[in-house]
Protein chains: 2
Amino acid sequence: MKTVAAPKARVSDSSVRRLSRYHRILEDLENQGCEVVSSARLAELAGTNPAQIRKDLSYFGAFGKRGSGYRVHELRARILEILGLTRSWKVVLVGAGNLGHAIFSYKEFTRYGFHIVAILDTDPSKIGQAWEGIRIRPLDGCEEVLAATGAELAVIATPAAAAQAVVDRMAKAGIRGVLNFAPREVEVPRKVALRTVNITIELEGLTFDLRGRNEG
Amino acid sequence: MKTVAAPKARVSDSSVRRLSRYHRILEDLENQGCEVVSSARLAELAGTNPAQIRKDLSYFGAFGKRGSGYRVHELRARILEILGLTRSWKVVLVGAGNLGHAIFSYKEFTRYGFHIVAILDTDPSKIGQAWEGIRIRPLDGCEEVLAATGAELAVIATPAAAAQAVVDRMAKAGIRGVLNFAPREVEVPRKVALRTVNITIELEGLTFDLRGRNEG
DNA sequence: CGCTGTGAATGTATTCACAGCG
DNA sequence: CGCTGTGAATACATTCACAGCG
């Protein structure tokens, strides 16, 4: 009864994002030597309210102590479990252009157990190069690469036109999750997890907020 | 009475994202020579339902023709107005590392009127270099750079530790919108628009969905 | 007593269903 | 008639408020 149970209800996407946020705050608190934290304090740091935090956590169990709050280290461990981060995840990067290189060089996610184990591209001038010892391989061999490395997640950093075909192929080859940076909506089979990040759409969110408003 | 009015109610973030999506689909339809589209067809292409589309649009006006649907070209124009994309937006890029370079090289958003007009960094070895003719300038001169270029949006591609200070400074210098790629939550004054993109949090969204599930 | 955990209440987003226009 | 535009209904997310435990 110590492990985190399956959630009692469907948990919203925003709730999951908040859990990621809480986790980062708890890391900071732990580094500062803070041992216990209340939902009120955590809410203040996360920019939300205490009830939201207690509700988010309550989907997965009861991790606090009435009267005192949450033990920082323990709550952090619980959230890691909830997010599926108690093990490491192997990632295949598809697309060795500028964006692919930036993602590869971005060491932040290594801290959370995400490891790029393979790089794929179609460009013959890229294939055979290596980044930090990882050989760039032809997309055509992706099935073998997935099998050999055991990668379960794919990060798509290809041009828009290539994205859907790449994702189809990865899905067939057994990929379990896809993070798509290509500026094109892609479809995946039901059982494959998907998120898309589109820089232009984020910029449009800003200009929507500013539209009409005058400068100053 | 032809222009797009201020929305009748507070419009949700997800609704704004969908409008961006509709816009892309309408572009495709227009390129295919399609002149008219119904909410049913658009919903099919966008992966949502017809009522959602009509509701999203109804916040801003009545753009369709009963009995036939929406004129593709006109609706596209309306959505551009809604999103604030009928003019171009000057963007300052802060951080000339890998990620900054990838964003700079990413030409997709140029098509929608976003233009990087300045690049800032603190690294002396970067300062003075130029990317496609745009000189990398010291962050210390950011007030002058903003004034001289008229940039209204900032894309933050700095390390986490630098992000808040950079954003504070930009805000003081009159920036109107911030797109933050640094892996750190930042605060901005009320009147500044903000979006944050955090790759690790997106990956955690995937592992949350997969946690517990077995492979295969 | 001070806090959590949670059912109930509120607020928000999505979907339904149909009146009404082209 | 076929579709949009929209109030009403439903579903969902957040916040309240308090019982109950440490």
Side-chain angles (χ1 to χ4, degrees), chain A residues 1 4-22 26 29 34-76 78-79 82 205 208, chain B residues 1 4-22 26 29 34-76 78-79 82 205 208:
Chain A
M1 294 270 76
V4 171
K8 293 157 186 179
R10 176 113 204 89
V11 178
S12 72
D13 193 75
S14 24
S15 180
V16 176
R17 294 185 121 87
R18 283 193 300 269
L19 289 167
S20 288
R21 178 104 83 104
Y22 304 157
L26 290 164
L29 289 172
C34 173
E35 298 200 345
V36 171
V37 69
S38 67
S39 60
R41 176 75 182 128
L42 199 46
E44 192 182 2
L45 295 167
T48 181
N49 68 59
Q52 180 77 84
I53 288 181
R54 298 199 301 272
K55 181 66 82 177
D56 285 338
L57 295 172
S58 78
Y59 294 128
F60 303 95
F63 309 129
K65 277 197 175 37
R66 291 168 200 240
S68 58
Y70 302 86
R71 306 213 44 197
V72 170
H73 179 79
E74 190 197 321
L75 183 58
R76 190 173 84 76
R78 292 291 187 241
I79 295 180
I82 292 168
F208 173 79
Chain B
M1 294 272 78
V4 171
K8 293 157 189 182
R10 176 113 203 89
V11 178
S12 72
D13 194 76
S14 24
S15 180
V16 175
R17 294 185 122 86
R18 282 192 300 269
L19 288 168
S20 288
R21 177 103 83 102
Y22 305 156
L26 290 165
L29 289 173
C34 174
E35 297 199 347
V36 171
V37 69
S38 66
S39 60
R41 176 72 182 129
L42 200 47
E44 193 182 2
L45 295 167
T48 180
N49 67 58
Q52 179 78 82
I53 287 181
R54 298 199 301 272
K55 181 65 84 177
D56 285 337
L57 295 172
S58 78
Y59 294 128
F60 303 95
F63 309 129
K65 277 197 175 37
R66 291 167 199 239
S68 59
Y70 303 86
R71 307 211 44 197
V72 170
H73 179 80
E74 189 197 322
L75 183 57
R76 190 174 84 76
R78 292 291 188 241
I79 294 179
I82 291 167
F208 173 79

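Every chain is numbered from 1 and lettered A, B, ... according to where its sequence line falls, protein lines coming before strand lines.
- Separation of atoms NZ (A:Lys65) and OG (A:Ser38) is listed at 15.0 Å; rounding is to 0.5 Å.
- The phosphate of D:dT4 (OP1 or OP2) has a side-chain N or O of B:Ser39 nearer than 4.0 angstrom.
- Phosphate contact (OP1/OP2 of D:dG5, side-chain N/O of B:Tyr70, threshold under 4.0 Å): present.
- As rounded to whole Å, 13 Å separates atom C1' of C:dT4 from atom CD of A:Glu74.
- Straight-line distance from the OH atom of A:Tyr59 to the P atom of C:dT4: 17 Å, rounded to whole Å.
- Annotation: of the two residues near DNA chain C, A:Gly67 and A:Lys55, the 5′-most nearest-nucleotide partner is A:Gly67.
- Note: CG (B:Leu42) to P (D:dG2) measures 20 Å, nearest angstrom.
- Applying the Watson-Crick and G-U wobble criteria (two distances, each under 3.5 Å), D:dT4 pairs with C:dA19.
- Looking at heavy-atom distances under 4.0 Å, A:Arg18 makes contact with sugar-phosphate atoms alone, never a base.
- The side chain of A:Ser38 lies closest to C:dT4, out of D:dG5, C:dT4, C:dT6.
- For D:dT14, the OP1/OP2 oxygens have a side-chain nitrogen or oxygen of A:Ser14 closer than 4.0 Å.
- For the atom pair CG (A:Leu26) and CZ (A:Arg21), the distance works out to 12.5 Å, reported to the nearest 0.5 Å.
- Note on B:Ala51: a base of the nucleic acid sits closer than 4.0 angstrom, heavy atoms only.
- In this structure, CG of A:Asp56 is placed 12 Å from C1' of D:dT15, rounded to the nearest angstrom.
- In this entry the distance linking CG of A:Asn49 with C1' of C:dG5 reads 14 Å, nearest Å.
- Between A:Arg41 atom CZ and C:dT4 atom C1' the separation is 18 Å, expressed in whole Å.
- Among the nucleotides D:dT14, C:dG22, D:dC18, the one closest to any side-chain atom of A:Arg54 is D:dC18.
- D:dT10 and C:dA13 make up a base pair, with Watson-Crick or G-U wobble contacts both under 3.5 Å.
- Along DNA chain D, the nucleotide nearest A:Ser15 and the nucleotide nearest A:Arg66 are compared for position; the residue whose nucleotide lies closer to the 5' end is A:Ser15.
- Residue B:Lys8 places at least one side-chain N or O closer than 4.0 Å to OP1 or OP2 of D:dT6.
- We find that CD of B:Gln52 is positioned 13 Å from P of D:dC12, with the value rounded to whole Å.
- Residue A:Gln52 holds its CD atom at 11.0 Å from CZ of A:Arg54, rounded to the nearest 0.5 Å.
- In this structure, CD1 in B:Ile79 is found 5.5 Å from CG in B:Leu19, a value given to the nearest 0.5 Å.
- In this structure, B:Lys8 contributes its side chain and B:Gly61 its backbone to no donor-acceptor pair below 3.5 Å.
- Between B:Lys65 atom NZ and C:dC21 atom P the separation is 15 Å, expressed in whole Å.
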